[in-house]
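Notes follow once the structure below has been shown.
Residue indices begin at 1 and follow the sequence shown.
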Amino acid sequence: MSKKLENITKIKTKSKTSTPKFYKVFLLNDDFTTMDFVVRILMMFFNKNYSDAYDLMMKIHQTGSALCGVYPKDTALTIQNKIHSYAFKFGYPLKCKIEE
């Protein structure tokens, strides 16, 4: 064996995996976005069936906001951006917020 191979430094690595943080995604009530549009958003972006989407829309309407889903950060941000873009496209000021 050559001296070069004997002098190789061994490096120990620790592999540590952690679960990603999850973020809550809320829809906020406003005075301009129609109830039908909110139901459509809930069905499109949160995969709710009509009945669950309607019930959740009513909760948003009555209490001012509601938790619509919990996702990893990147997914939550993507959903938020898609909702804001979609609402803007149709002229609605619907807002979506995320919290850790």
Side-chain angles (χ1 to χ4, degrees):
M1 206 185 265
S2 71
K3 286 189 174 185
K4 286 183 180 180
L5 290 177
E6 291 175 9
N7 292 330
I8 295 175
T9 305
K10 292 183 180 179
I11 300 173
K12 290 185 180 180
T13 58
K14 293 181 182 178
S15 77
K16 185 177 182 182
T17 58
S18 61
T19 57
K21 289 184 181 178
F22 282 81
Y23 290 76
K24 298 174 185 174
V25 181
F26 294 87
L27 281 183
L28 308 178
N29 189 44
D30 64 67
D31 292 333
F32 302 101
T33 305
T34 64
M35 292 179 174
D36 288 339
F37 189 79
V38 173
V39 169
R40 185 182 337 159
I41 291 288
L42 292 165
M43 292 172 68
M44 286 178 62
F45 297 104
F46 297 101
N47 298 317
K48 303 292 185 191
N49 63 43
Y50 180 82
S51 179
D52 291 343
Y54 182 85
D55 292 344
L56 197 50
M57 175 276 298
M58 289 304 295
K59 183 175 181 182
I60 294 165
H61 178 68
Q62 293 168 351
T63 65
S65 69
L67 175 64
C68 300
V70 180
Y71 305 93
K73 185 176 184 179
D74 289 344
T75 304
L77 288 170
T78 299
I79 291 171
Q80 181 186 43
N81 290 332
K82 285 183 176 184
I83 289 171
H84 288 164
S85 295
Y86 191 77
F88 180 79
K89 177 181 174 181
F90 288 92
Y92 292 113
L94 182 64
K95 295 296 176 204
C96 177
K97 72 175 184 174
I98 61 173
E99 293 180 359
E100 193 171 342

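Counting heavy atoms from C-beta on, the side chains of Tyr23 and Pro72 never come closer than 4.5 Å. Between Gln80 and Leu77, the closest side-chain pair of non-hydrogen atoms falls below 4.5 Å. In this structure, Leu27 and Leu56 have side chains that are not in contact, with every pair of non-hydrogen atoms separated by 4.5 Å or more. Residues Phe46 and Val25 have side chains in contact (heavy-atom distance under 4.5 Å, counting atoms from C-beta outward).
The cluster map of Ile, Leu, Val, Met, Phe, Trp and Tyr, joined by side-chain heavy atoms under 4.5 Å apart, puts Met43 and Ile83 in the same cluster. Leu28 and Phe45 are members of different hydrophobic clusters when ILVMFWY side chains are connected at heavy-atom separations under 4.5 Å. Leu67 and Ile60 are members of different hydrophobic clusters when ILVMFWY side chains are connected at heavy-atom separations under 4.5 Å.
Atoms OG1 and NZ, from Thr75 and Lys73 in turn, are 12.0 Å apart once rounded to the nearest 0.5 Å. Ile79 CD1 to Ile41 CD1: the interatomic distance, rounded to the nearest 0.5 Å, is 11.5 Å. To the nearest 0.5 angstrom, Cys68 atom SG is 12.0 Å from Met57 atom CE. Note: Thr34 OG1 to Phe32 CZ = 13.0 Å, rounded to the nearest 0.5 Å.
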Tabulate below the donor-acceptor pairs under 3.5 Å that side-chain atoms of residues 89-100 make, not counting sequence neighbours, or state none.
unit_1	atom_1	unit_2	atom_2	d
Lys97	NZ	Glu99	OE2	3.1
Glu100	OE2	Lys21	NZ	3.1

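Counting only residues at least two apart or in different chains, salt bridge (Lys or Arg N to Asp or Glu O under 4.0 Å) contacts with residues 31-60 are absent.
Residue Phe37 places its CZ atom among more than 12 non-hydrogen atoms of other residues, nucleotides or ligands, all under 6.0 Å distant.
Closest approach of Asp74 to Thr78, counting heavy atoms only: O-OG1, 2.8 Å.
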